[in-house]
Amino acid sequence: MLDKKYDFKEKEIKWMNYWNDEKIYEFKKDQREVYSIDTPPPTVNGKIHIGHIFSYSQAEMIARYKRLKGFNVFYPFGFDDNGLPSERLVEKEQGKKAHEIGREEFSKLCYDTTTKYESDFKKLFKRAGFSANIDNAYKTVSPSSTKISQISFIELANKGACYHKESPALWCNECLTSIAQAELETKTIQTMFNYINYETTDGETFTIATTRPELIPAIVCVFVNPEDPVHNHLIGKTAHIPVIDVEVPILADEKVAIDKGTGVVMCCTFGDQTDIEWWKKYNLPLKNIFTNDGKIVDSVKNYGGLTIKEARAKIIEDFKEAGYLVKQEELEHEVQVHERCGKEVEYTVMNQWFIDIMNQKQDFIDIGNQIKWYPDHMHIRYNEWVENIMWDWCISRQRYFGVPFPVWYCKKCGKVKLARIEDLPVNPLVDQPTTPCECGCNEFIPEKDIMDTWQTSSITPLINMRYGEKDNYEDILKPMSLRCNAHDIIRTWDFYSIVKSFYNFGAKPWENVMISGFVMANKGEKISKSKSNSKMEPFELLDEYGADVVRYWAGSGKLGTDIVFNDETFLRGKKLINKIWNVSKFIEMHLADYEDKEFNDFEYIDKWVIAKFNEMESGFIKYLDNYEMGLALNHLEKFFWNFCDNYIEIVKHRLYRPEEFGDIPRYSGQKTVYMILYKLLQDFSIFFPFITEEIYQELYHDQKSIHLTNIKEFDYDFNNELINGDKLNMIISQVRGEKSNNNMSVKTPVKSLKLSLSDELNDAVNKAIKDFKATLFLEDLTINKTDKDFVIDEIILDLDATN
RNA sequence: GGGCGAUUAGCUCAGUUGGUUAGAGCACCUGCCCUACAAGCAGGGGGUCGUAGGUUCGAGUCCUACAUCGCCCACCA
């Protein structure tokens with residue numbers, strides 16, 4: 001017997017353990033078609049927020065749907081624990097910077113800390129009813145991931161797709177590492193636009209405008225546009241920069257915007273992207289005046305040793321004092337900052353490893369075109385990113401905790417020495433190459449840098465297929481069926497994965513990409529950036545509402561669309577769960593003597609509701625096939641409430657009173673509720689794995705778990721009853737309305753009802769006459785003919801009846 | 001400045017390929033404890049579908065322009 005009230009606290013733990021013990025979701029190769037899901041390994045930075053539940057649940061629902069459809073679902077899980085996010089977490093917890101702790105100890109701390117936080121994530125996802133392989137989660141920093149990551153790297157290097165070069169790169173002087181374009185964010189800052197006078201050596205004064213006067217000591221030339229009538233006569237002259245007392249040439253370039261600032265630009269190596277372009281194009285000298293930790297190098301007179309900000313203030317002061325500062329304007333503009341720390345990025349020139357992006361853009365677009373994107377417009381977003389990218393992918397990081405490059409440099413000739421595949425994984429700081437350099441030298445300098453964390457997380461398809469191992473899944477995971485993630489990492493995870501798949505295999509990594517939205521705390525306020533709000537803490541929500549209700553919220557809404565957190569949706573979910581429980585209790589009550597057997601003598605209303613179910617489920621499946629789990633749920637929910645409020649209200653009389661209606665009509669009702677509840681539970685199990693399991697085990701139990709059953713269409717085709725059954729229900733509804741308008745109970749007897757009906761509807765009413773009369777508490781029915789569907793001519797209520 | 005999305009009831013949102021009187025939940029109002037459920041049931045009020053044009057027999061839905069909001073990117077001279 002189902003309990004009077006559903007206690008999610010008790011039941012959810014029970015079924016969580018049951019699924020675990022019985023290995024309900026375990027993957028084993030068999031003859032079934034595989035559906036594989038490449039789910040994002042969460043970044044382990046300590047913060048678990050409701051956004052995790054939201055987008056991960058949506059993919060989880062797809063896993064459950066595909067399982068119900070008969071696929072052998074391969075649903076691995078992992079953690080992205082290497083790299084800067086983990087390092088920053090540890091630095092914060094220790095209150096010390098990595099270099100103060102020391103490389104080895106720091107790495108160990110990172111490993112231990114991430115493992116600790118991962119266990120919280122595992123708990124969370126299990127409690128939320130995730131059917132992924134959580135216990136065997138991979139770590140992107142583990143030896144096996146390291147090995148695969150290094151194999152991938154070596155394959156790229158051997159193909160010439162990956163190169164080592166001294167080149168300008170984006171630099172974060174907070175995190176002390178180079179970074180990639182994808183790791184940038186834009187931030188609006190208030191700054192000062194400074195107008196400063198320079199002079200030509202023949203005595204003409206001209207003005208430049210800059211927001212970054214501290215870069216003046218790095219000036220290498222001045223540019224004007226050759227089309228600029230006011231300034232083009234300066235071209236070819238030499239500019240004298242006061243205060244710092246240097247002379248630089250004045251050159252022409254059409255990229256200078258005449259109407260921006262003063263129309264005269266100084267080029268410093270490097271202040272921005274354009275400076276780098278000009279530096280390459282005109283072969284300009286290099287004046288690297290910043291130290292890696294954001295100070296002016298000592299060799300700069302007067303300013304050496306100052307921080308960038310201090311230098312900015314002092315230079316302005318000096319130019320002002322000398323009379324060269326013409327004016328200052330307040331300016332609000334966007335600057336690029338490092339997404340991990342929010343600090344403005346600089347540029348630096350050093351030896352780095354890069355993956356070729358710029359030469360293969362079209363291939364990346366082509367692969368994007370071979371993948372189906374849900375929703376479709378996210379594909380455009382991907383294309384936009386690829387088209388606008390400006391740098392090769394810098395994968396070197398001057399950090400500690402991550403995958404080491406399997407690389408040494410020959411001490412004698414300097415040549416790059418790659419590790420042999422069979423020797424992987426290697427750590428060049430500890431291990432030595434197993435063969436000498438081509439030049440014969442046996443001494444090597446190890447590569448100290450580690451790889452960008454995306455270099456490894458972009459190969460989750462390879463990690464999932466255990467690439468390079470003997471016992472692998474390459475045959476079933478090339479390509480994987482589905483990649484799912486939120487829209488913030490299209491440009492990183494999705495893009496880089498496509499890059500890697502292109503270089504490693506020359507093929508797409510997945511068939512489909514499903515992009516979920518973001519949870520917003522308020523309109524325009526990302527949850528990850530809002531202050532912690534206990535109302536939205538995942539564990540507290542799970543405690544208060546239970547996993548099924550939390551999943552209801554997560555599964556609502558439209559794919560790819562951001563949602564604002566609101567607790568009305570939780571309330572709605574709570575009501576739905578409660579209703580599922582209650583109607584199941586009702587049905588169980590009437591199945592005490594039920595035996596399932598072949599039966600074809602269904603009552604009219606039973607045929608109608610079976611047809612309604614079929615109609616609903618085909619729409620339901622259509623939504624799910626398009627990864628629209630929110631719309632699918634909505635669709636199912638709508639049917640379900642109608643089923644309870646309309647159909648159950650009709651059939652209950654027949655179920656309660658066989659002496660009045662007969663045993664066979666009662667059996668028809670029993671069979672109908674038995675079959676429909678089974679299918680409803682299956683459909684709902686995608687969203688509510690716990691309560692559906694509880695009811696399923698109590699009432700059906702034909703498999704070890706509802707999550708091992710398959711959905712099949714009803715064999716019955718009762719579509720003929722659809723339209724007139726709906727109309728019959730409209731009549732019932734209107735008569736009930738009449739009672740309600742008279743402030744009477746729905747049980748108020750109807751003394752007399754006069755209807756005019758079409759022939760078809762007349763036929764339907766006759767077939768369902770007993771149900772019809774019982775539902776309305778109708779005593780006397782008169783039917784006339786009409787060419788309309790129906791007209792209610794007269795309703796006489798028994799007004800003396802006590803409510 | 002470029003790209004994408006959104007704009008529908010007081011609030012949160014549905015509205016499948018254009019087709020009768022535009023839907024749901026919450027909130028509000030009126031009733032109803034009827035042997036599954038008051039976390040419920042039966043009803044009700046409430047919308048010129050962002051603005052202006054256009055295509056069409058017919059537009060919330062298609063086209064054009066504009067406005068507002070959000071996201072991504074570019075813009076550090």
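In what follows, chains are A, B, ... by sequence order, proteins preceding strands, each numbered from 1. Side chains are part of it too, since the values below use all heavy atoms of this structure and drop only hydrogens, waters and symmetry mates.
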> To the side chain of A:Asn578, which of B:A14, B:A39, B:C34 is closest?
Replying inline: B:A39
> Has A:Lys5 got a side-chain N or O lying under 4.0 Å from the OP1 or OP2 atom of B:C37?
Replying inline: no
> If you draw a 6.0 Å radius around CG in A:Leu722, do more than 12 non-hydrogen atoms from other residues or ligands fall strictly inside?
Replying inline: yes
> Which residues pass the side chain to side chain donor-acceptor pair (under 3.5 Å) test with A:Glu254, sequence neighbours left out?
Replying inline: none
> Can you tell me how far P in B:C72 sits from the matching atom in B:G10, rounded to whole Å?
Replying inline: 31 Å
>> Below the 4.0 Å mark, does B:C76 have OP1 or OP2 next to a side-chain nitrogen or oxygen of A:Lys260?
In response: no
> With rounding to whole Å, what would you report as the distance between B:C49 and B:G43 at their P atoms?
Replying inline: 28 Å
> According to the side chain to side chain donor-acceptor pair (under 3.5 Å) rule, which pairs have a member within residues 629-638 of chain A, sequence neighbours left out?
Replying inline: A:Tyr552-A:Glu637, A:Arg572-A:Glu637
> Roughly how far, to the nearest 0.5 Å, is the CZ atom of A:Arg654 from the CG atom of A:Asp771?
Replying inline: 4.0 Å
> Is A:Tyr347 touching bases, backbone alone, or none of the nucleic acid, heavy atoms closer than 4.0 Å?
Replying inline: base
Check the interface with nucleotides 42-47 of chain B: list each N/O to N/O pair with the protein under 3.5 Å, or write none.
from	atom 1	to	atom 2	distance (Å)
B:A42	O2'	A:Arg736	O	3.3
B:A42	N3	A:Ser740	OG	2.7
B:G43	OP1	A:Ser733	O	3.1
B:G43	OP1	A:Ser733	OG	2.6
B:G43	O2'	A:Asn741	OD1	2.8

> If you count the non-hydrogen atoms of other residues, nucleotides and ligands that lie under 6.0 Å from NZ in A:Lys372, is the total more than 12?
Replying inline: no
> Between A:Ile648 and A:Thr262, which is nearer to the 5' end of RNA chain B once each is assigned its nearest nucleotide?
Replying inline: A:Ile648
> C1' atom, B:A59 versus B:A22: distance in rounded Å?
Replying inline: 12 Å
> Under 4.0 angstrom, heavy atoms only, what part of the nucleic acid is A:Cys644 near: base, sugar-phosphate, or nothing?
Replying inline: base
>> If the condition is side chain to side chain contact (heavy atoms under 4.5 Å, CB included), which residues does A:Thr492 pass it with, not counting sequence neighbours?
In response: A:Ala182, A:Trp454, A:Ile489, A:Tyr496
>> Within the 4.0 Å heavy-atom criterion, would you say A:Phe193 contacts the bases, only the backbone, or no part of the nucleic acid?
In response: sugar-phosphate
> When the nearest nucleotide of RNA chain B is assigned to A:His487 and to A:Thr561 on a heavy-atom basis, which residue is associated with the more 5' position?
Replying inline: A:Thr561
> With A:Trp279, which residues qualify under side chain to side chain donor-acceptor pair (under 3.5 Å), at least two apart?
Replying inline: none
> Has the side chain of A:Glu334 got a donor or acceptor atom sitting under 3.5 Å from an opposite partner on the base of B:C75?
Replying inline: yes
>> Does a side-chain N or O of A:Gln181 approach OP1 or OP2 of B:C72 to a distance below 4.0 Å, or not?
In response: no
> Are A:Ile258 and A:Val256 side-chain neighbours, meaning at least one heavy-atom pair lies under 4.5 Å?
Replying inline: no
>> A:Thr211: which residues meet the side chain to side chain donor-acceptor pair (under 3.5 Å) condition with it, sequence neighbours left out?
In response: none
> NA contact type, A:Val256, heavy-atom cut-off 4.0 Å: base, sugar-phosphate, or nothing?
Replying inline: base
>> Let's test your reading of the pairing rules: Watson-Crick or G-U wobble, both distances under 3.5 Å, then write RNA chain B as a dot-bracket string with ( ), [ ], | and dots.
In response: (((((((..((((.....[...)))).(((((.......))))).....(((((..]....))))))))))))....
> Among residues 583-593 of chain A, which residues get a heavy atom nearer than 4.0 Å to RNA chain B?
Replying inline: A:Val583, A:Lys585, A:Phe586, A:Met589
>> At 4.0 Å (heavy atoms only), tell me whether A:Ile380 reaches a base, stays on the sugar-phosphate, or touches nothing.
In response: sugar-phosphate
> B:G60 and B:A6: how far apart are their C1' atoms, nearest whole angstrom?
Replying inline: 14 Å
> Nearest to the side chain of A:His333, which nucleotide is it out of B:C76, B:G15, B:C34?
Replying inline: B:C76
> Which listed nucleotide (B:C71, B:C37, B:A14) is nearest to the side chain of A:Asn582?
Replying inline: B:C37
>> Can you check the distance between B:G44 and B:U61, where both ends of the measurement are the C1' atom (answer in whole Å)?
In response: 29 Å
> For A:Gln336 and B:A74, is the shortest distance between a side-chain N/O and OP1 or OP2 below 4.0 Å?
Replying inline: yes
>> Would you measure the distance from the C1' atom in B:U30 across to the matching atom in B:G46 and give it in whole Å?
In response: 15 Å
> Could you write nucleotides 21-28 of chain B as a row of B, S and -, 5' to 3', where a protein heavy atom under 4.0 Å of any base atom gives B, of only sugar-phosphate atoms gives S, and otherwise -?
Replying inline: ---SBS--
> A:Phe206 versus A:Thr200: any side-chain heavy-atom pair under 4.5 Å?
Replying inline: yes
>> Work out how far the C1' atom of B:G47 is from that of B:A9, and round it to whole angstrom.
In response: 5 Å
> Is A:Trp581 touching bases, backbone alone, or none of the nucleic acid, heavy atoms closer than 4.0 Å?
Replying inline: nothing
> Quick one: is the NZ or CZ of A:Lys327 closer than 6.0 Å to the six-membered ring centre of A:Tyr195, and within 45° of its axis?
Replying inline: yes
>> Could you work out, with side chain to side chain donor-acceptor pair (under 3.5 Å) as the rule, every residue matching A:Asp253, not counting sequence neighbours?
In response: A:Trp278, A:Lys281, A:Tyr282
Please tabulate, for side-chain N and O atoms in residues 618-627 of chain A, each donor-acceptor pair with protein atoms closer than 3.5 Å (sequence neighbours left out).
from	atom 1	to	atom 2	distance (Å)
A:Ser618	OG	A:Glu615	O	3.1
A:Asp625	OD1	A:Tyr65	OH	2.7
A:Asn626	ND2	A:Lys622	O	3.2
A:Tyr627	OH	A:Tyr35	OH	2.8
A:Tyr627	OH	A:Asn512	ND2	3.3

> For atom P, what is the distance between B:C26 and B:A42, given to the nearest Å?
Replying inline: 12 Å
> By salt bridge (charged side-chain N to carboxylate O under 4.0 Å, His left out), which residues pair with A:Asp275, not counting sequence neighbours?
Replying inline: none
